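The structure appears below as structure tokens.
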Amino acid sequence: MKDSWIKKGFVDEPVDSNVNLVDGIRRLVKEKNAVILAHYYQEAEIQDIADFVGDSLDLSRKAAETEAEIIVFAGVHFMAETAKILSPQKKVFIPDQMAGCSLADSCPPAEFEVFRKEHPDHMVVTYVNTSAAIKALSDVCCTSTNALQIIQHIPANQKIIFAPDRNLGNYLNSLTGRDMLLWDGACHVHEEFSLEKILLLKNEYPEAKIIAHPECQGPIRVVADFIGSTSALLNFSSSDPTMTYIVATESGILHQMKKANPDKLFIPAPPKDSTCACNDCKFMKLHNLRKIYNTLKYEWPDVTVPEEIRVLAEVPIRRMLEWS
Ligand code: 13P
Ligand code: SF4
């Protein structure tokens with residue numbers, strides 16, 4: 001690989017003008033026995049060329065099950081890392097290495113290890129939006145889809161540390177009546193939604209239902225008609241009879257919502273700062289078709305996890321898959 005690729009974190013090579021990217025990607029997928037897994041927050045064109053589109057739980061299950069030799073993960077780094085932890089014998093690639101996660105970054109391993117040691121009688125439950133090093137310090141992982149199920153699986157008298165998302169943690173405390181000790185982390189996208197602007201939209205569309213991801217702040221969750229993970233929001237919007245929704249999560253999910261419900265209206269919840277596209281995850285949106293094509297062609301950037309961390313991190317992920 002070239003130094004310039006390493007510096008940029010992706011294969012920066014031109015693609016021949018006679019190559020149609022969609023056809024080229026599908027040809028390489030077939031030739032190399034690869035699979036493309038894409039999160040719901042990816043650009044629509046990436047969701048449309050993927051072999052499988054899902055939320056973080058669906059994608060970790062797919063990564064554990066796939067028989068393909070190569071996984072190209074169109075999502076953020078912790079998701080690709082989870083795929084590598086579960087399938088170490090496979091080659092796992094991420095089209096742009098810079099696709100991080102502000103929530104995962106809000107929980108640095110050295111500080112978290114100190115915190116954990118200060119509370120040795122607590123069980124450690126971590127959201128999958130964490131690095132492999134944090135997973136290696138955890139007893140069980142969860143995603144927003146199975147978080148409630150995982151917490152309910154733990155005896156009521158067992159003390160719990162929940163990390164890193166304080167909003168999801170508060171939400172789970174309110175649902176279960178527990179008093180989990182929360183790490184003070186958050187996601188830059190879900191913390192940015194404006195309650196005031198959502199309520200103005202609700203005035204304009206009184207029939208609309210507000211649907212929100214549990215990573216949103218408390219006041220947004222209070223006004224929401226439905227709270228759920230990315231796939232729960234998608235399922236709700238398909239099964240519910242309402243025709244208009246204000247959607248408080250990353251805007252990529254609107255692609256599948258509109259596809260499944262072409263007659264319904266989906267309005268992305270506005271961020272506080274109207275000059276930014278803050279309801280787009282800037283990390284998720286780093287991938288594009290050219291980077292995916294080049295990743296398949298040059299088999300880079302690959303995702304690696306040191307074996308001593310991988311074996312420890314695998315335990316809480318497998319436990320999560322068993323419990324949910
Ligand atoms: P899901 O668990 O709903 O896929 O959410 C992942 C995520 O990154 C939310 O911001
Ligand atoms: Fe991380 Fe937030 Fe992006 Fe999800 S939306 S990947 S939590 S930064």
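Fair warning: this is a prediction, and the values are worked out from it, not measured in the lab.
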Lys258 to Phe266 six-membered ring, cation-pi geometry met (6.0 Å, 45°):
no

In terms of relative ring orientation, are His213 and His190 parallel, tilted or perpendicular, with 30° and 60° separating the classes?
tilted

Counting only heavy atoms not in Lys159, do more than 12 fall under 6.0 Å of its NZ?
no

Which residue in the set Ser229, Cys187, Pro214 passes side chain to side chain contact (heavy atoms under 4.5 Å, CB included) when paired with Leu168?
Pro214

Val72: which other cluster members, linking ILVMFWY side chains closer than 4.5 Å, directly or transitively?
Val15, Val19, Leu21, Val22, Ile25, Leu28, Val29, Ile36, Ile46, Ile49, Ile70, Phe93, Leu289, Ile292, Tyr293, Leu296

Residues two or more places apart in sequence or in another chain: which of them pass side chain to side chain contact (heavy atoms under 4.5 Å, CB included) with Ser102?
His188, Phe283

Could you tell me whether Lys297 and Glu13 make a salt bridge, using a distance below 4.0 angstrom between a side-chain N and a carboxylate O?
no

I'd like to check the side chain to side chain donor-acceptor pair (under 3.5 Å) partners of Asp139; sequence neighbours left out, ordered by chain and number.
none

Do the charged groups of Glu322 and Arg318 touch, with an N to O distance under 4.0 Å?
no

For Glu250, which residues count as a salt bridge (charged side-chain N to carboxylate O under 4.0 Å, His left out) partner, sequence neighbours excluded?
Lys285

Qualifying side chain to side chain donor-acceptor pair (under 3.5 Å) pairs with a residue from residues 70-89, counting only residues at least two apart or across chains:
none

Is it the case that His255 and Asp48 place a side-chain donor and acceptor less than 3.5 Å from each other?
yes

Would you check if the distance from the ring center of Phe162 to the ring center of Trp183 is below 6.0 Å?
no

Ring geometry between Phe115 and Phe112 (parallel below 30°, tilted from 30 to 60°, perpendicular above 60°):
tilted

Checking Ser231 now: which residues fulfil side chain to side chain donor-acceptor pair (under 3.5 Å) with it, not counting sequence neighbours?
Asp55

Could you report the tightest heavy-atom contact between Asp225 and Ala208, atom names first, then the distance?
OD2-O, 4.3 Å

Within 45 degrees of the ring normal and closer than 6.0 Å to the centroid, is that where the cationic atom of Lys209 sits relative to Tyr245?
no

